[in-house]
Every structure is written in C-alpha cells, then in structure tokens.
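As structure tokens, the structure follows; a few thoughts come after it.
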Amino acid sequence: MNKDTGTKRAGAVHGVPAGLPAEIDEAIRRRAYELYEARGWRDGYEVEDWLRAEGEINQQKPRTIVP
C-alpha cells in the first residue's frame, strides 16, 4: 500500500527487482491494473495480474543482446 496515496503498489508488494527500468515497471503496473479493472475490481488476484502483465510487457519489449 502506498502510504501517500492509499493505493496498492503491485511492484512494492510483489518484490519488483530494484534494477527494473521505471518505464517497464510503470507499463507492467498499468497493465496489471487494467486486468484488475476488467475483472470488475475483485481483489485476490494481484499476483496473477502482475505476473500476466509482466509476461505481456516482457514479450513486447525489444531484447538486448549482451556479448
């Protein structure tokens, strides 16, 4: 729960890695909220929403090849 806004922060709750770029974290957070909203705001699926959103966003982002 974000103490400033009173909203849940999926990343904070589910341990988003500290090195995750802010724009990717925000995209995942936004998509997870869309999934929550589409379900009619029913609680209890935070982990599933986050993991599904993370998978969707990770499929969209370009891969960096490290030599």
Side-chain angles (χ1 to χ4, degrees):
M1 182 79 71
N2 184 324
K3 70 178 186 173
D4 297 325
T5 63
T7 58
K8 289 184 179 180
R9 293 197 56 207
V13 173
H14 301 295
V16 172
L20 190 64
E23 57 275 356
I24 294 173
D25 177 68
E26 181 58 31
I28 294 169
R29 188 178 316 283
R30 196 174 323 114
R31 179 61 183 138
Y33 185 82
E34 290 170 356
L35 295 169
Y36 169 67
E37 186 176 43
R39 190 182 318 96
W41 295 279
R42 286 187 308 163
D43 290 334
Y45 297 89
E46 296 87 357
V47 173
E48 291 88 344
D49 290 346
W50 184 267
L51 294 175
R52 179 175 169 190
E54 186 176 46
E56 291 176 9
I57 299 304
N58 284 333
Q59 286 180 351
Q60 294 174 5
K61 72 177 186 173
R63 300 284 181 211
T64 303
I65 299 174
V66 179

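The figures here come from the full heavy-atom set of this structure, side chains too, leaving out hydrogens, waters and symmetry mates. The first residue in the sequence is number 1, and the count goes up from there.
Checked by atom type, the side-chain pair Y33/D49 shows no donor-acceptor distance below 3.5 Å.
Minimum heavy-atom separation, I57 to R31: CD1-CB, 4.4 Å. A pairwise comparison of heavy atoms in A53 and I28 identifies CB-O, 3.5 Å as the closest pair.
A salt bridge is absent between E34 and R30; no separation between the charged side-chain nitrogens and carboxylate oxygens falls under 4.0 Å.
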Checklist entry - Step by step, would you call Y36 with R42 a side chain to side chain contact (heavy atoms under 4.5 Å, CB included)? => result CA-CA 7 Å; Y36 169 67; R42 286 187 308 163; 5.8 Å; no

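Scanning for salt bridge (charged side-chain N to carboxylate O under 4.0 Å, His left out) contacts around E48 gives an empty result, with sequence neighbours left out.
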